[in-house]
Amino acid sequence: MNRRDAIKLMAVGAVSIGAIAERSDAQAPSSSTPAPSAPAGPFVLPALGYAFDALEPAIDAATMQVHHDKHHAAYVANLNKAVAGRKELEGWTLEQLLRDLAKVPEDVRGAVRNHGGGHHNHSLFWNSLRKGGSSRPGGALGGAIDGAFGSFDQFQAKFDAAATSVFGSGWAWLVSDARGGVRVLTTPNQDSPLTTGDVPLLGLDVWEHAYYLKYQNRRAEYVTAFRGIVDWDVVTARHAAVAKG
Ligand code: MN
């Protein structure tokens with residue numbers, strides 16, 4: 001190899017290392033800086049509101065970090081891409097998009113369903129959890145749960161059974177109808193209960209990305225651990241807002 005070839009090879013090497021570094025920067029979404037390739041809005045990844053390790057040992061810090069900063073960030077970025085330049089969707093809130101999914105143009109409806117659902121589901125999920133949880137639902141929600149399931153314990157058994165029964169990826173939900181009546185249901189993938197006219201009060205993400213690092217195939221252990229980190233004060237307030245109309 002002569003000197004000129006050697007210099008050329010070094011230059012090529014430098015360029016490709018630079019390109020890889022640049023690309024991996026661009027593909028690393030964080031809570032504050034969206035990927036430059038994606039539109040910056042109108043939808044924004046919400047801050048978690050607590051430390052990645054706040055929910056230990058029920059949910060480990062490594063899972064929380066990748067789940068929020070990578071998975072949830074990707075739903076937001078892809079939702080922004082789906083609505084970019086669509087005049088007919090300008091000003092629509094996330095809730096409107098999911099409630100009126102049938103009115104979303106067909107060519108982006110699937111993307112809005114998956115990524116809009118992903119954004120809404122995860123935003124609600126983070127906000128329903130806190131370190132150490134809180135004991136039990138109060139207010140009208142406590143009464144609605146007793147009325148629908150017999151007791152809080154019977155509700156928990158039903159919710160856990162729903163969460164462990166989801167085949168593949170999806171969510172278990174406690175939802176409310178417009179009058180405050182509650183029930184448990186599951187949705188596949190990132191489908192939102194809003195699309196079928198229900199109001200999600202509490203959701204449990206049972207995609208493998210939500211628990212696999214710590215629990216591997218033991219989903220039932222993750223579902224049981226979830227009981228200890230639910231912020232029932234927030235869920236109760238959510239229900240009160242629905243019933244108020
Ligand atoms: Mn998830």
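Atoms within each ligand, like the ligands themselves, are counted from 1 in listed order. Since we're looking at a predicted model, the values are computed, not measured.
The distance between the ring centers of W232 and H239 does not fall below 6.0 angstrom.
For H67, the nearest N, O or S atom to the Mn ion (ligand 1) falls under 2.8 Å. Within the 2.8 Å limit, H122 places at least one N, O or S atom next to the Mn ion (ligand 1).
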Assess whether side chain to side chain contact (heavy atoms under 4.5 Å, CB included) is satisfied between V108 and L89, documenting all intermediate values. CA-CA 11 Å; V108 294; L89 295 176; 4.3 Å; yes
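The N, O or S atom of D205 with the smallest distance to the Mn ion (ligand 1) is OD2. H209 has its closest N, O or S atom to the Mn ion (ligand 1) at the position named NE2.
The nearest pair of heavy atoms linking H72 to S123 is CE1-OG, 3.4 Å.
In this structure, Y215 and Y222 have tilted ring planes: the angle between them lies in the 30° to 60° band.
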